[in-house]
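Here's the structure we're looking at; comments come further down.
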2 protein chains.
Amino acid sequence: MNRLFFLPLLIGAAPVAQPVQTPNEIVAAAPALDWVAIAPSDLMVMTLAPDAKGKSRRVIIQLMPTPFSQGWIGNIRKLAAAHWWDGTSINRVQDNYVVQWGDATEQKEMPMGLVAVPEANYVAKRSATMVRVRNEELAGFKKTVKKMTEKSDWDGVRERSARPPFGDLYAQNTGFYAGWPYGSDLDDRLVWPVHCYGMVGVGRDMPPNSGTGAELYTVIGHAPRHLDRNIALIGRVIDGIENLSSLPRGTGALGFYEKSEERVPILSVRIGSEASDLPRFEYLSTDSKSFADYADARANRRDAFFIRPAGGADICNIPVPVRRAKQ
Amino acid sequence: MNRLFFLPLLIGAAPVAQPVQTPNEIVAAAPALDWVAIAPSDLMVMTLAPDAKGKSRRVIIQLMPTPFSQGWIGNIRKLAAAHWWDGTSINRVQDNYVVQWGDATEQKEMPMGLVAVPEANYVAKRSATMVRVRNEELAGFKKTVKKMTEKSDWDGVRERSARPPFGDLYAQNTGFYAGWPYGSDLDDRLVWPVHCYGMVGVGRDMPPNSGTGAELYTVIGHAPRHLDRNIALIGRVIDGIENLSSLPRGTGALGFYEKSEERVPILSVRIGSEASDLPRFEYLSTDSKSFADYADARANRRDAFFIRPAGGADICNIPVPVRRAKQ
């Protein structure tokens, strides 16, 4: 028998023959208590001009919680409150990289009270709450790895059984906190947000403290993790990312639009508590058993289509589930 | 002094003060001999119907060399020779995942001579040539890591100095061969192509040998590496991927277009040797010093914008440079 393809047979021979759930099925079956409401005050709603067919376009961004990037997020709240982005535009769409927006003229006056945030704030000290969550998470991973080792004798699983299967090439450790993926150093003393698909960051010039939050970008390709700790991340797109990722690519250097008429007008940007017709959103608690099962299933696809579970996953391949709440 | 941000200073203090090149600058400076011509017979040209503004749209795919996926590629050459895809369409665009094309009716008769390829061929035995290339590559990485350790005392670099900085979470090893990224097992006996952005694969039904090559997809999001060894990869888009990645997302399940008029007509698919007006393409030899320097720079950005090199990179974050040859 080909040694590569025995895993489904082993699962078939398990004492209790349950149909194996896909990651999406695990999420769909998660109990209501595992879902956490996102406060409208932590959302930012960007309304673009309608597309060529007249269809309205809206992008909803969730802002990060403490301890991440609160200096820039404070600026962003002020910019939104001042309606500063109204009349600006999307200026850059670089394939497999980023969509970027802000004031193409670079002349627009900033509202009062923005602060310069030092680059030291690209990382944060972990809080006591994060320590507790982290310990629970590691305990959960140990259980998961044990289960994997029992079910399979694939080299990779054995080799990795002394540590969580979710290693990383850009940070010594990774984890999830309050619904957000993060990287951390060897002792988990310092934590930082990571550049996954859909994450939103603060454009800057060469000086690393030069980003105010007025110029923003979102990732629309393979995770550019080399940007971690080199630029601030402040949130993620949770709805309508297709209104950015499917825009025509810019033909100028770095994907900037060459003609002003190519730019996509931004009609308004509002904090969610000031926006109308805002659906309620919720995320799957990253402390929940549902999330641990989902992450395990992302790293080890055992559902019918798959003949070979990977035995691991990078943190950007375990996107935190976010959904519209039932009204 | 903040210990996180000393690296640029160290580089500034290096004996020979050279401006540090970006990965793109390293590629631009590579000698002509480091570039390898891609045979037109290894290219496939897909012409789509013009877009709403009448702009022509063409996608150029490079097919993989031996030892990868040659059974499916043989089928694909037969399908192209029979002009089988002419009149088919792009049927699925799922955000952060794939664009898929083929015969939406599933009724079109197949050309004679297609073979059923067993799933065992998702992996290949490495050839003697691959062994030689691999040994040279590992030797090159050792030199690179030594250099990194001298220049920086970052924990992560020290921690990783016993092995190449390009580890992987989905395969025990990774490498590059003849211009292609691959994964391999612990002893490098078995090799397989990896699902990076722009890679092209063979859609299939549940039976793992059910993909003929008539139904194809390309990756337009974060690398879905869990598909490695679960589905065949046969090539990559080297030109015109924006004609796929910027298409409107499908609103049906899995991103399929719900209405037939949303589908994008495929006018023709031809092997490059049969195509007209085909530019010549070349890739940066993955055995060259230029490529090793480029990969090192992708994993350790030391150019002016960056304050914190990552100390590693995943294989899909080191895309092999491909360019149009100077005519």
Side-chain angles (χ1 to χ4, degrees), chain A residues 2 4-5 52 93 95-96 119-120 122-123 155-156 159-160 165-172 185-186 190 196-198 204 206 208 219-231 241-242 245-249 298-301 304-314 316-317 319, chain B residues 2 4-5 51-52 93 95-96 119-120 122-123 155-156 159 165-172 185-186 190 196-198 204 206 208 219-231 241-242 245-249 298-301 304-314 316-317 319:
Chain A
N2 189 322
L4 290 180
F5 306 117
V93 183
D95 197 68
N96 191 20
E119 62 266 31
Y122 291 160
V123 300
D155 304 348
E159 191 194 10
R160 292 183 180 118
F166 310 107
D168 197 67
L169 301 169
Y170 300 87
Q172 280 93 340
D185 64 0
L186 208 53
L190 296 174
C196 298
Y197 191 93
R204 67 162 168 92
M206 280 294 175
V219 173
I220 59 156
H222 187 69
R225 296 283 310 280
H226 51 288
L227 297 176
D228 294 358
R229 289 180 288 175
N230 284 290
I231 193 161
I241 194 162
E242 67 279 7
S245 57
S246 68
L247 289 174
R249 276 45 182 159
R298 292 283 301 180
N300 299 280
R301 294 293 297 258
F305 185 84
F306 287 81
I307 59 175
R308 185 83 157 111
D314 69 279
C316 292
N317 210 359
Chain B
N2 189 322
L4 290 179
F5 307 117
D51 71 10
V93 183
D95 197 68
N96 190 19
E119 61 267 31
Y122 291 159
V123 300
D155 307 347
E159 191 194 12
F166 310 107
D168 198 67
L169 300 170
Y170 300 88
Q172 280 91 344
D185 64 359
L186 207 52
L190 297 174
C196 298
Y197 192 93
R204 67 163 169 90
M206 280 292 175
V219 173
I220 58 157
H222 187 68
R225 297 281 313 280
H226 52 286
L227 297 176
D228 294 358
R229 291 181 287 175
N230 283 292
I231 194 162
I241 194 162
E242 68 278 8
S245 58
S246 67
L247 289 174
R249 276 45 182 160
R298 292 283 300 182
N300 299 280
R301 295 294 297 259
F305 185 83
F306 287 82
I307 57 174
R308 185 82 158 111
D314 69 278
C316 292
N317 209 359

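The chains referred to below are lettered A, B, ... by the order of the sequence lines, with proteins before strands, and numbering in each begins at 1.
Of all non-hydrogen atoms in A/Y170 and B/A310, the two that sit nearest each other are CD2-CB, 3.8 Å. Residues A/F305 and B/N230 share a closest heavy-atom pair of CE2-O, 4.3 Å. Of all the heavy atoms in A/R249 and B/S246, the pair that sits closest is NH1-CB, 3.5 Å. Nearest heavy atom pair, residue A/L169 against residue B/D168, reads CD2-N, 4.0 Å. Heavy atoms only, all atoms of each residue included: A/P208 and B/I307 are closest at CG-CG2, 3.9 Å. Heavy-atom minimum distance, B/D95 versus A/E242: OD1-CA, 4.3 Å.
To the nearest 0.5 Å, atoms CG (B/N317) and CZ (A/R225) are separated by 9.5 Å. Here A/I220 contributes atom CD1 and B/H222 contributes atom NE2; the two are 15.0 Å apart, rounded to the nearest 0.5 Å. The line from NE2 of A/H226 to CZ of B/R301 is 5.5 Å long, rounded to the nearest 0.5 Å.
Within the 4.5 angstrom heavy-atom criterion, no atom of B/P319 approaches chain A.
Contacts with chain A were tallied for B/G221, B/S245, B/C196, B/G198; B/S245 has the most, counting heavy-atom pairs under 4.5 Å. Residue with the most contacts toward chain B among A/P248, A/A52, A/A223: A/A223 (heavy-atom pairs, distance under 4.5 Å).
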